Amino acid sequence: MLLFQPIPAKLISPSSLPCQRIRQRRRRARPPSASINVGSGNDDTFTKYSGYLFRNGVSSEAEFLTEYDVSAIAGIYRRKPLLVLRRFTQISATFGRWFAQRYLDSVNERSDEMFKIRAAELRMILLELGPAFVKIAQAVSSRPDVIPPAYLEELSLLQDRIAPFSTEEAFRIIEKELGMPVDMLFSEITPEPIAAASLGQVYQAKLRTNGKVVAVKVQRPGVQAAISLDIYILRYLAGVARRVGKLNTDLQAVLDEWASSLFREMDYRAEARNGKKFKELYGGLKDVLVPEMYIDLTSQRVLIMEWVEGKRLSEVKDLYLVEVGVYCSLSQLLDYGFYHADPHPGNLLRSSDGRLAYLDFGMMGEFKQELRDGFIEACLHLVNRDFDGLAKDFVTLGLLPPTAQKDEVTKALTGVFQNAVNKGVRSISFGDLSGNLGVTMYKFKFRIPSYFSLVIRSLAVLEGIAIGFDPNYKVLSSSYPWIARKVLTDSSPKLRSTLQTLLYKDGMFQIDRLESLLTESLRARTEDTLDRDQAAESDDSRTKAIKQVLSFTLTEKGAFVREILIQEIAKGIDALSVATFESVTLTTASRLPLFIPYASSSTTLGKEDITNLRTLRRLLMILSTLQKPGSEVQQLRVDYSEENKINSVEEVSLVLNEMSSAPDLLPIISVFPELPSESQQQLLQLPVDLASRLLSRAVARTIRRLFN
């Protein structure tokens, strides 16, 4: 919510901020007051137009709510029908007047001329109506690909450049909440707020106890009463909209989830606890900065935290930090399930030392394990065009009811996503995925679970920031490699089952899917490969990635993938030995005087053996590609439709040709001494395991031939 920079825009260092002694300030300040009584002489826009919602204790009951309670809020405002009617009339008249002006602009052909003016007017309307509407606007102000530039520019001002309320009132709130005079808390504090947003404003101060520079966030008077009433009205309208529009999504439930997170955001004690937990989980990630929270000096309406000096991520155009943000977001969503649900540009900074700083921990989300696994499965099935699996994932994620007709849904999803997926994973954007999904959602009674919008928004915001200075940036392109690596290495039984199902379709090994997963996993940014001064595809980063993949594959975590690879290599070598034996036998027999040649030059290998030969060849191609910096597996792929035209003799020749490039694999082998001792021991065990598999297959093949 709050970016730590002065109003209106330019950053200045703490040493140059116009600070003064608190005692001097207090001589002019009135004594603390037990009730909110904001003067009207210098009111901010919200207080001026909507102050009637909380002045003179008109909604004092709502101010003391500690959490979002639908019944309690309804009970308060059912007893105040005139206040509800006045607020509803204000909202309707304000927006109605603006839409009428937009309509007249179009009728008079002045839309382009008045575009910027109407954008500025909309911003002022949102400020007049208060925090609930400002928060909604913030949710869309980070998408330059969706919001017109003029509106984007105006709405972005709502993130941290809102007119502040009076400092006198702020100091009274600090003293009332913390129970001691301001000059006993701080040796210095700025006479005016450094930043102001919808729920509160920030001062820079120096703690008297230890001299550390801190940010002091003070909640805006009356926000809880205003938000409670607005949610009461919006909830009623959401119910009407669902009934009239016959919508499948429970709009009231979605609104309740958002309102719950908003109420938690208004409790600064909860925010401090969230910030502490966030720092414990993610503060150690490379180039991630999470400020320290002073929980002992925090109350429900006053928060004290470490001062962060920096600029907006959206202003500095640092694509590397966007990548750091994507990595951190994926760690939040899929590793721990505790994520920042409000990462708008005002909450993401490039700190003075070049790190990505997270601010404002009021709105956080919890992503349950089964939903995390379902999200990963959905991404895998989407990228691999398994729309039948995707339909099942939508049920798991709560997007579809269990009673939905799976076959019909699969057909519909194929039509919606096929074109987007055909572009390749690196070209898919959230806009591509939306496609014609609206019609499909209505037809099959799609629902939007309350958690889903927060999860998608946490990633969509990062894509929106990046698009601002790189129109071709796709967050899914950065996310999928991380997902590919996780599904290859995670020990979760659910994900192992997903990998097994993905790699084996109708009993046939899908080498192209393994190829895609391995290739994408090497693109994944990890803490070891995240480096501002190092290209993602450099020799060093590729070596690190290979080492990580080998380390995982050769340890207990990668046992599942290792078993699959050994099994498929054994099948391929077995088929190659049979083909070679038949070829040698055929050549030897052809030199005999009574030899009768076959009508065909191909061997008698069956379809399964030929498929196993192709799999072995593709595995060798993958290994050959891994050690070539900057190369892409795509460059080595043949047309799959042409593979079926290759007979067994040609297949054997292609496999032997790939084997002839074995010396090219030395760069990969060279990393083995750098592997952990456990991995080295497992590596020595591989030939034994492979020989055991080959022996088993040879015995089984011999027995089959004896009895056939």
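For the numbers below, each heavy atom of this structure counts, side chains included, while hydrogens, waters and symmetry mates do not. Since the structure is predicted, the reported quantities are computational estimates derived from the model, not experimental observations. When a residue number appears, it is its place in the shown sequence, counting from 1.
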D689 side, atom CG; I569 side, atom CD1 - distance, nearest 0.5 Å | 11.5 Å
Backbone N/O of P493 and side chain of S497: donor-acceptor pair under 3.5 Å = no
Check: R693 side chain, I566 main-chain N or O, donor-acceptor pair, under 3.5 Å | no
Euclidean distance, L348 CG relative to D318 CG, rounded to 0.5 Å | 12.0 Å
Got more than 12 heavy atoms from elsewhere within 6.0 Å of NZ, K486?
-> yes
Inter-residue atom distance L397.CG - E370.CD, 0.5 Å rounding = 10.0 Å
Taking C-beta and beyond as the side chain, do I564 and Q500 meet within less than 4.5 Å on heavy atoms?
-> yes
Taken to the nearest 0.5 Å, the spacing of D388 CG from D393 CG works out to 9.5 Å
Answer yes or no: are there more than 12 heavy-atom neighbours, outside Q685 itself, under 6.0 Å from its atom CD?
-> yes
Backbone of H340 reached by a side-chain donor or acceptor of Q332 within 3.5 Å = yes
In Å and rounded to the nearest 0.5 Å, what is the CG to CG distance from L333 to L371?
-> 11.5 Å
For R372, the side chain to side chain donor-acceptor pair (under 3.5 Å) test, sequence neighbours excluded, returns Q369
Take E563 and R496 through the salt bridge (Lys or Arg N to Asp or Glu O under 4.0 Å) test and state the conclusion after the steps.
-> CA-CA 12 Å; E563 288 298 311; R496 284 192 174 185; over 6 Å; no
Closest non-hydrogen contact found for A341 with G365 is CB-N, 4.2 Å
Student check: side-chain heavy atoms of L517 and L380 closer than 4.5 Å | yes
Report yes if the side chains of L313 and L356 come closer than 4.5 Å at any heavy-atom pair, otherwise no.
-> yes
Okay, side chain of K494, backbone of D373: is any donor-acceptor separation there less than 3.5 Å?
-> no
Given L686 and R562, is the side chain to side chain contact (heavy atoms under 4.5 Å, CB included) satisfied, shown in steps?
-> CA-CA 9 Å; L686 286 182; R562 184 173 66 247; 3.8 Å; yes
For residues I483 and C379, report the shortest heavy-atom separation together with the two atoms involved.
-> CD1-SG, 3.6 Å
Would you check if F367 and L334 make a side-chain contact, meaning some heavy-atom pair closer than 4.5 Å?
-> yes
Applying ring pair (Phe, Tyr, Trp, His ring centres under 6.0 Å), name anything that partners F387, two or more places apart in sequence or on another chain.
-> none
Heavy atoms of A575 and L613 approach each other most closely as CB-CG, 3.9 Å
Inter-residue atom distance E377.CD - T396.OG1, 0.5 Å rounding = 6.5 Å
Closest approach of A391 to T410 (non-hydrogen atoms, all atoms of both residues) = CB-OG1, 3.8 Å
Kindly indicate whether the side chain of L499, heavy atoms from C-beta on, has any atom under 4.5 Å from the side chain of L495.
-> no
Within a strict 4.5 Å, meaning less than it, do heavy atoms of the Y339 and M364 side chains meet?
-> no
Heavy-atom count around Y336 OH within 6.0 Å, excluding the residue itself: above 12?
-> no
Between T580 (side chain) and L576 (backbone), is there a donor-acceptor pair under 3.5 Å?
-> yes
Heavy-atom side-chain contact between N612 and D574 under 4.5 Å | no
Carboxylate-amine/guanidinium contact K571 E568, below 4.0 Å | yes
Derivation and outcome, side chain to side chain contact (heavy atoms under 4.5 Å, CB included), residues V326 and L330 | CA-CA 6 Å; V326 170; L330 290 170; 3.9 Å; yes
Atom of V288, atom of R355 and distance for their closest heavy-atom approach = O-NH1, 3.9 Å
Would one find more than 12 heavy atoms of other residues, nucleotides or ligands at under 6.0 Å from atom NZ of K279?
-> yes
Ignoring hydrogens and angles, tell me if any N or O in the side chain of T615 forms a donor-acceptor pair with the backbone of T611 under 3.5 Å.
-> yes
Do Y358 and Y282 come close enough that some side-chain heavy atom pair is under 4.5 Å?
-> no
Can you check whether D386's main-chain N or O pairs, donor with acceptor, with N384's side chain at less than 3.5 Å?
-> no
Smallest separation among heavy atoms of F278 and F338, with atom names | N-CE2, 4.0 Å
